[in-house]
Trainee: 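Quick one: the structure is below, and I'll ask about it shortly.
Throughout, protein chains are lettered first and strands after them, A, B, ... in sequence-line order, and every chain is numbered starting at 1. Keep in mind the model is a prediction, meaning the values are calculated, not measured.
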Amino acid sequence: MPQSDDNTPAAREAAAGVPKPRSEEGSPLIRFDKVVKRYGDNTVLDHLDFSVQPGQRVSLIGPSGSGKTTILRLLMTLEHVTDGVIWVNGDPLSHEYKGTDLVKAGEQHQREVRKKIGMVFQQFNLFPNMTVRRNITESPIHTLGVSRDEADQRAAELLDMVGLKERIDAHPTQLSGGQQQRVAIARALAMRPEILLLDEVTSALDPELVAGVLDVLREIARTTDITMLSVTHEMQFAKDVSHRVLMFDKGKIVEEGPPDQIFGAPAEDRTREFLHAVLEG
Amino acid sequence: MDFITDSLPLYINGALYTLLITVGGCALAFVIAMSVGILGTLRSRVARAVASIYVEVFRGVAALVLMFWMFYAMPLVTGYLLDPVFAAILALGLNVGAYGAENVRGAIKAVPAAQYEATIALNFTPAQRLRSVILPQAWAQMLPTFGNLIIELMKGSAVVSLIAVSDLTFVGDQVRAFTGQTLAAYTAALVMYFLLAQVFLYFMRMAERSANRRLGREPLKAKKSTPAVAGAGGAA
Amino acid sequence: MDWGFIGDNFPALIEGLQLTILATAVGYVVALVLGLLVAIARRSAPRPVAWTVHWIMEFIRCTPLLVQLFFLFYVLPGFGISLGPLAAGIIGLGLHYAAYTAEVYRSGIEGIPKGQWEAGRALSISPGRMWTAVILPQAIRRVIPALGNYLIAMFKDTPLLFAITVPEMLFKANELAGTNFKYLEMISTVGVLFIIVSVLSAVVIRFLERRYAAV
């Protein structure tokens with residue numbers, strides 16, 4: 001699929017006045033250091049090494065079961081590494097220092113590191129016992145200590161951005177899947193994360209609702225310099241917003257590079273097969 | 001008709017005792033159910049062991065035996081005689097609390113793991129997770145069984161008549177002895193229990209409806225739940 | 001704690017326990033059979049009958065077993081039906097718990113897919129044959145654990161028979177304790193025996209649950 005120049009992320013960012021993310025030589029925001037994750041005998045991640053620079057938007061692609069989602073879940077501390085260390089902004093995420101030794105991180109340490117990270121789930125996971133407003137304001141008020149007025153105002157702004165301003169007092173169950181996912185995005189952003197994790201955010205949506213959610217994410221990519229890791233099957237979206245694409249298979253990175261390279265001229269057979277299967281399938 | 005006019009005040013008085021013990025027992029049982037139930041969901045092995053020992057012991061022993069023990073045996077150990085109403089509230093509360101704890105634990109476990117994960121992604125504190133997400137959602141699930149347990153506790157309260165508390169059952173027995181109208185005496189007691197139960201069930205249904213509404217669910221069609229499995233052992 | 005006294009009277013308590021278990025077992029059979037009949041009646045009987053049965057069961061479930069026992073024991077003789085204490089106790093237990101087992105059967109029967117009934121009709125199987133050969137075998141299988149729980153619940157209700165002078169375990173304990181003022185020893189022992197039997201039967205029920213859950 002030919003791509004006109006002014007549609008690349010770099011070009012669009014230059015137009016929007018967003019600073020280009022620091023290149024590979026700066027200190028990474030996220031670094032996976034020989035990370036291993038096993039469930040019983042099943043090795044999901046096999047001595048994985050990679051890093052992400054601040055402001056970088058990275059798409060993780062690959063067949064299901066290749067470990068992409070596990071990477072996000074490890075970063076969100078929903079799972080814990082079997083071996084290796086994950087570093088966020090120079091601090092160990094999965095571990096903490098006790099003297100000079102690195103030990104498995106406790107709840108307190110994890111909460112501290114987690115402050116920087118937000119996540120949007122495949123199944124939205126809005127809280128059904130709260131209105132849209134409270135879904136968005138609950139954590140800023142109670143974990144960040146933001147005042148109620150400020151949190152309400154921020155919720156209104158974010159809902160405006162995702163196009164749901166008038167649904168602020170609705171219940172999640174009254175919204176369509178696409179609307180729920182847009183609220184979930186607003187909810188994650190309300191915590192002002194430096195890193196946003198997107199776990200197949202459109203996979204559970206009816207086809208006609210996908211575009212609305214992707215548009216919101218494109219808008220966030222255009223207007224903020226938030227670091228994004230997104231696991232996605234939407235190849236066009238990956239092409240449009242990412243600086244880098246990582247192709248996974250069997251717990252390892254098979255190939256990585258800028259989207260033009262991965263989608264335009266993949267070097268590995270495995271990548272070609274995969275792209276062929278998704279794009280033609 | 002004489003029977004009714006003569007005995008009604010007695011029955012009402014008895015019903016008040018039954019109500020007092022039921023409400024007191026439920027309050028105690030509720031506190032136990034919540035704390036032991038939550039204890040049973042914690043990651044700490046010790047906490048879970050304590051919760052399951054509590055549940056096995058107090059579910060295992062019949063409330064009547066527990067009450068007899070508190071009323072007759074405990075004074076011999078402690079030298080302190082419990083008021084029979086208090087002994088009854090304690091025995092019923094401890095017993096039904098064990099069933100309630102299992103209910104609470106099950107309801108918390110039934111909240112989808114995804115909800116728990118969302119609270120982590122939003123960096124909630126553990127207490128906040130429980131208070132603002134897990135418990136409000138588990139609540140709707142707990143209520144039907146709580147309703148059944150209230151009825152079980154009310155029925156179980158009849159055993160206090162055996163330690164001479166003048167509850168509804170005791171009054172029924174007394175009226176039978178005085179009037180010799182066996183059929184009327186017991187039927188009146190049974191009907192009053194039934195009416196009390198219907199009042200409790202009515203309030204529980206209201207509570208269920210509002211809990212479901214708060215979760216944005218349509219009021220469920222009058223779907224009847226199976227009565228409390230192993231319903232509080234009738235508290236005996 | 002007078003351990004010697006417990007030791008001396010232990011055989012008497014065990015004798016009482018045997019009667020407790022006997023009453024539970026027979027009462028349970030009554031509850032299983034009666035509950036099943038109620039469940040079938042509520043589904044297949046003409047509406048007024050089904051409705052009446054429903055409310056009788058509702059009434060039984062919402063009123064104390066103890067008063068029901070008194071009723072059977074003191075009221076029925078007035079109508080020329082004299083039951084011994086044990087018989088009254090067993091019938092009381094069975095009737096009371098039938099109200100619960102009926103609900104369990106009902107949920108089991110409702111869990112059978114509609115397609116089973118339709119298949120039966122398509123094969124012109126008679127309703128009676130349908131119940132006994134198709135519906136009940138499937139329904140009962142899936143409710144065995146729930147029914148098992150009521151066995152334990154019923155066991156713990158059996159001490160109530162003491163109130164109508166059935167010499168079960170609590171009755172014996174109370175009698176022995178009263179003459180020697182050894183309440184602590186006797187009632188504690190009864191409590192412990194109850195916990196032991198309950199926990200043991202819970203283990204058995206969980207075993208059955210695992211065995212049948214897979215089906």
Trainee: Which pair of heavy atoms, one from A/R218 and one from A/V241, lies closest together, and at what distance?
Mentor: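 Closest heavy-atom pair between A/R218 and A/V241: CG-CG1, 3.9 Å.
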
Trainee: Taking B/R105 first and then B/E102, would you say they form a salt bridge - that is, a charged N and a carboxylate O separated by under 4.0 Å?
Mentor: yes

Trainee: Heavy-atom cut-off 4.5 Å, strictly under: side chain, backbone, both or neither for A/F121 against chain B?
Mentor: side chain

Trainee: Using 0.5 Å steps for rounding, measure from the CD atom of A/E219 to the CG atom of A/L214.
Mentor: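 With rounding to 0.5 Å, CD (A/E219) is 13.0 Å from CG (A/L214).
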
Trainee: Taking every heavy-atom pair that is under 4.5 Å apart, which of A/R114, A/M130, A/M191 has the most such pairs with chain B?
Mentor: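 The answer is A/R114.
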
Trainee: Counting N and O atoms only, with roles assigned by atom type, does the side chain of B/N212 sit under 3.5 Å from a partner on the main chain of B/E208, one being a donor and the other an acceptor?
Mentor: yes

Trainee: Pair A/S242, A/S59 - check side-chain hydrogen bond (donor to acceptor under 3.5 Å, both in side chains), show working.
Mentor: CA-CA 6 Å; A/S242 4; A/S59 290; 2.9 Å; yes

Trainee: Sort A/E107 into side chain, backbone, both or neither according to what part of it lies under 4.5 angstrom from a heavy atom of chain B.
Mentor: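 Contact with chain B is through the side chain of A/E107 alone.
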
Trainee: So which part of B/Q128 gets closer than 4.5 Å to some heavy atom of chain A, the side chain, the backbone, both or neither?
Mentor: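 The answer is the side chain of B/Q128.
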
Trainee: Please classify the contact between A/R187 and chain B as side chain, backbone, both or neither, with a heavy-atom cut-off of under 4.5 Å.
Mentor: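 When you check distances to chain B, atoms from both the backbone and side chain of A/R187 fall under 4.5 Å.
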
Trainee: Please identify, among A/L78, A/N129, A/N125, the residue contributing the most non-hydrogen atom pairs under 4.5 Å to chain B.
Mentor: A/N129

Trainee: Given a strict heavy-atom distance threshold of 4.5 Å, which part of A/L126 is in contact with chain B: side chain, backbone, both, or neither?
Mentor: backbone

Trainee: Among A/T143, A/T131, A/V120, single out the residue with the greatest number of heavy-atom pairs under 4.5 Å to chain B.
Mentor: A/T143

Trainee: So which part of A/M76 gets closer than 4.5 Å to some heavy atom of chain B, the side chain, the backbone, both or neither?
Mentor: both

Trainee: Would you call A/R73-B/E117 a salt bridge at under 4.0 Å N-O?
Mentor: yes

Trainee: Quick check on the interface: out of A/H142, A/Q123, A/M119, A/R134, who has the most heavy-atom pairs with chain B under 4.5 Å?
Mentor: A/H142

Trainee: Between A/K116 (side chain) and A/N89 (backbone), is there a donor-acceptor pair under 3.5 Å?
Mentor: no

